[in-house]
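Contents: one structure, followed by commentary.
It should be emphasised that the depicted structure is a prediction, and the values quoted were computed from it without experimental measurement.
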Amino acid sequence: MQEHEMKTTFSRELLAWYRRGNRDLPWRRSQDPYYIWVSEIMLQQTRVDTVIPYFNRFVERFPTVRDLAEAPEADVLKHWEGLGYYSRARNLQAAAQEVAERYGGKIPDDIEAVRGLKGVGPYTSGAILSIAFGRPEPAVDGNVMRVLSRYFCIDDDIARPATRPKMESLARELIPEGAAGDFNQALMELGAMVCTPRSPQCLICPVTEHCAGRLAGREEELPVKTKAKPPKPQHRLAVLAERADGRVLVRQRPSRGLLARLWELPHVEAPSESIWGSAEQGPRWLAETLALEGVSVSPARHACDAEHVFSHLHWYVRVWGADGAMFDPELAPDVSAALGPAGAAALREAAATYAAAAELAAAAGSAAVRPRAAAEEAGMAAAPARDAAEPVPAHGDAAASGVSAARASTPAGEDALPDGYRWIDGAEFERLAWPNVFRKILADHFAGRG
DNA sequence: AAAACGTGGTT
DNA sequence: TAACCAAGTTT
């Protein structure tokens with residue numbers, strides 16, 4: 001069979017299969033480009049079944065581009081809570097604002113303009129253009145690369161970025177005249193329902209007859225894909241500080257990086273697993289490190305442990321209970337102001353180095369763990385780098401500038417807290433957006449208190 | 001090119 | 001059970 005015939009046969013049979021019957025999905029009931037767009041962003045690295053309820057809630061609350069553009073960011077994040085990859089939500093809203101301002105609230109029928117929107121890459125632009133506007137653009141995702149690898153028996157490693165352009169060229173050639181949207185969805189539908197990663201259902205596959213991978217007996221070993229690195233373990237110490245009135249001390253994460261702008265319990269990374277696990281050194285490290293941010297707490301009792309796996313990190317979280325907490329600028333001299341975000345990064349580095357010494361000291365039964373000393377050493381050596389990706393003391397915009405106005409002007413006490421910190425009750429807990437790991441811990445806490 | 005970036009389902 | 005993986009994008 002000629003190559004050209006192989007391709008046209010594949011496209012014709014796959015499209016016919018899709019049109020004979022496909023899944024009834026919420027975003028397939030509309031032709032509104034905005035709905036297509038929202039669904040495609042949610043579907044990035046996320047299963048259809050997970051997305052459906054989020055999509056329905058989201059478009060009910062934000063029915064148009066303008067509704068999304070004008071909404072408070074916290075509201076958008078709350079509707080994304082639990083879906084993961086939260087930069088998608090913030091990029092989507094930023095892009096909605098751009099569409100509202102530059103394109104009069106209408107998603108442009110223009111590949112360059114769509115591709116230029118935040119959060120829209122080669123896959124998503126192709127999906128929007130083909131599904132919403134019928135443009136003959138490829139939409140190559142993991143499903144498509146798997147299907148094409150098998151059908152055309154392609155050995156290229158689909159984990160390599162260089163493979164994508166090749167797949168896009170091939171996918172572009174396959175698009176049947178006037179049927180780009182359906183064909184692209186057919187390719188993905190086949191990958192999701194039939195040509196699955198493991199145990200592909202070749203017996204019910206509409207294009208099994210000329211599938212080169214199957215004919216070569218290689219359907220199980222294709223596509224070639226290098227394995228991802230396992231998540232890096234991190235040991236973290238959190239404090240569950242509770243006031244007499246039942247409110248709990250929480251804080252908002254920085255604007256960038258992991259779980260940006262979500263809420264969490266105050267916590268720090270332990271410099272070593274053994275310090276993390278030590279009933280003496282763990283709470284001490286926690287208290288002294290939080291003191292660098294001006295938060296004075298006394299972790300008194302082991303509350304619970306939690307484990308959470310991200311794509312690239314494996315968190316082991318030990319939660320310590322405490323009674324109340326104070327903001328004490330004297331406790332946190334100007335260490336954080338003087339160090340700034342760069343110092344925060346340096347502090348982490350110093351802490352890691354310091355850990356080795358601390359381990360030896362602990363083994364020798366002497367010397368306490370002292371983050372303050374590590375911080376001051378770091379401060380001496382710290383170069384004025386611009387941003388600290390992950391917080392130790394870098395919280396909120398004031399902290400990002402290196403000096404906290406609140407820290408400088410607010411008197412010490414229970415009502416005054418560093419930027420980004422807040423005392424919340426069960427009702428406020430429900431209104432804020434949390435990453436899963438802390439949502440579970442706090443849900444248990446507030447449920448347990450009745 | 002490679003790492004960062006979440007969560008839940010499947011085998 | 002521990003990998004593996006999902007309608008990827010950004011840096």
Legend entry - Qualifying side chain to side chain donor-acceptor pair (under 3.5 Å) pairs with a residue from residues 51-67 of chain A, counting only residues at least two apart or across chains: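 Every side chain to side chain donor-acceptor pair (under 3.5 Å) pair that includes a residue of residues 51-67 of chain A, provided the two are not neighbours, is A/Arg61-A/Asp75, A/Thr64-A/Asp67.
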
Return yes if the base of [N] and the side-chain atoms of [X] contain a donor-acceptor N/O pair under 3.5 Å, otherwise no.
{"X": "A/Tyr85", "N": "B/dG6", "result": "yes"}
{"X": "A/Thr46", "N": "B/dG8", "result": "no"}
{"X": "A/Arg88", "N": "B/dA4", "result": "no"}
{"X": "A/Ser311", "N": "B/dG6", "result": "yes"}

Tell me what [X] touches on the nucleic acid: a base, only sugar-phosphate, or nothing, going by heavy atoms under 4.0 Å.
{"X": "A/Lys232", "value": "nothing"}
{"X": "A/Ala260", "value": "nothing"}
{"X": "A/Leu190", "value": "nothing"}
{"X": "A/Pro230", "value": "nothing"}
{"X": "A/Ser199", "value": "nothing"}
{"X": "A/Arg90", "value": "nothing"}
{"X": "A/Gly82", "value": "sugar-phosphate"}
{"X": "A/Val309", "value": "base"}
{"X": "A/Ile41", "value": "nothing"}

Give me the distance, rounded to whole Å, that separates [N] from [M] when you measure between the [atom1] atoms they each carry.
{"N": "B/dG6", "M": "C/dC5", "atom1": "C1'", "answer": "13 Å"}
{"N": "C/dT1", "M": "B/dG8", "atom1": "C1'", "answer": "16 Å"}
{"N": "C/dA7", "M": "B/dA4", "atom1": "P", "answer": "24 Å"}
{"N": "B/dG9", "M": "C/dT9", "atom1": "C1'", "answer": "23 Å"}
{"N": "C/dT10", "M": "B/dA1", "atom1": "C1'", "answer": "14 Å"}

[X] vs [N]: side-chain N/O to OP1/OP2 distance below 4.0 Å:
{"X": "A/Asn143", "N": "C/dA7", "answer": "yes"}
{"X": "A/Tyr86", "N": "B/dT7", "answer": "yes"}
{"X": "A/Arg146", "N": "C/dA6", "answer": "yes"}
{"X": "A/Gln45", "N": "C/dG8", "answer": "yes"}
{"X": "A/Asn184", "N": "C/dA7", "answer": "no"}
{"X": "A/His312", "N": "B/dA4", "answer": "no"}
{"X": "A/Thr124", "N": "C/dT9", "answer": "yes"}

Inset, instruction - Determine the interplanar angle of the A/Tyr316 and A/His235 rings, folded into 0 to 90°, and report it as parallel if under 30°, tilted if 30 to 60°, perpendicular if over 60°. - result: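 It falls in the parallel class, under 30°.
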
Value in whole Å for how far the [atom2] atom of [N] lies from [atom1] of [X]:
{"X": "A/Met167", "N": "C/dA7", "atom1": "CE", "atom2": "P", "value": "15 Å"}
{"X": "A/Arg164", "N": "B/dA2", "atom1": "CZ", "atom2": "P", "value": "16 Å"}
{"X": "A/Met42", "N": "B/dC5", "atom1": "CE", "atom2": "P", "value": "21 Å"}
{"X": "A/Leu222", "N": "C/dC5", "atom1": "CG", "atom2": "P", "value": "13 Å"}
{"X": "A/Trp315", "N": "B/dG6", "atom1": "CH2", "atom2": "P", "value": "10 Å"}
{"X": "A/Asp141", "N": "C/dC5", "atom1": "CG", "atom2": "P", "value": "15 Å"}
{"X": "A/Trp37", "N": "C/dG8", "atom1": "CH2", "atom2": "P", "value": "18 Å"}
{"X": "A/Tyr54", "N": "B/dG6", "atom1": "OH", "atom2": "P", "value": "13 Å"}

Out of [options], which has the shortest distance to the side chain of [X]?
{"X": "A/Leu258", "options": "B/dT10, B/dG6, C/dT9", "result": "B/dG6"}
{"X": "A/Pro435", "options": "B/dT7, C/dA6, B/dA4", "result": "B/dT7"}
{"X": "A/Lys225", "options": "B/dG6, C/dA7, C/dC5", "result": "C/dC5"}
{"X": "A/Pro197", "options": "B/dC5, C/dA6, C/dT10", "result": "C/dA6"}
{"X": "A/Arg47", "options": "B/dG8, C/dT9, C/dA7", "result": "B/dG8"}
{"X": "A/His308", "options": "C/dA7, B/dT7, C/dG8", "result": "B/dT7"}
{"X": "A/Lys227", "options": "C/dC4, C/dA7, B/dG6", "result": "C/dC4"}
{"X": "A/Leu43", "options": "C/dA7, B/dG6, B/dT7", "result": "C/dA7"}
{"X": "A/Lys229", "options": "B/dA2, C/dA7, B/dA3", "result": "B/dA3"}

Inset, instruction - Return the 5'-most residue of the pair A/Ala162, A/Gly84 with respect to DNA chain B, ranking by each residue's nearest nucleotide. - result: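 Checking each residue's closest nucleotide, the 5'-ward one belongs to A/Ala162.
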
Legend entry - Residue met sooner reading DNA chain B from 5', once A/Arg198 and A/Leu262 are mapped to nucleotides: A/Leu262

Inset, instruction - Specify the residue among A/Arg115 and A/Ala192 whose closest nucleotide of DNA chain C lies further upstream toward the 5′ end. - result: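 Upstream on the strand: A/Ala192.
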
Legend entry - Most 5' of A/Thr226 and A/Ser125 on DNA chain C, judged by nearest nucleotide: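 So the residue in question is A/Thr226.
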
Legend entry - CD (A/Glu173) with more than 12 external heavy atoms under 6.0 Å: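 It does: A/Glu173 CD has more than 12 such atoms within range.
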
Legend entry - A/Lys78 atom NZ, over 12 foreign heavy atoms within 6.0 Å: yes

For [X] and [Y], indicate whether the former's side chain and the latter's backbone hold a donor-acceptor pair under 3.5 Å.
{"X": "A/Arg146", "Y": "A/Cys195", "answer": "yes"}
{"X": "A/Gln93", "Y": "A/Ala71", "answer": "yes"}
{"X": "A/Arg150", "Y": "A/Leu222", "answer": "yes"}

Inset, instruction - Please determine if A/Glu428 and A/Arg422 form a salt bridge, counting it only when a charged side-chain N lies under 4.0 Å from a carboxylate O. - result: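 Salt bridge absent between A/Glu428 and A/Arg422.
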
Inset, instruction - Report yes if the distance between the aromatic ring centroids of A/Phe429 and A/His445 is under 6.0 Å, otherwise no. - result: no

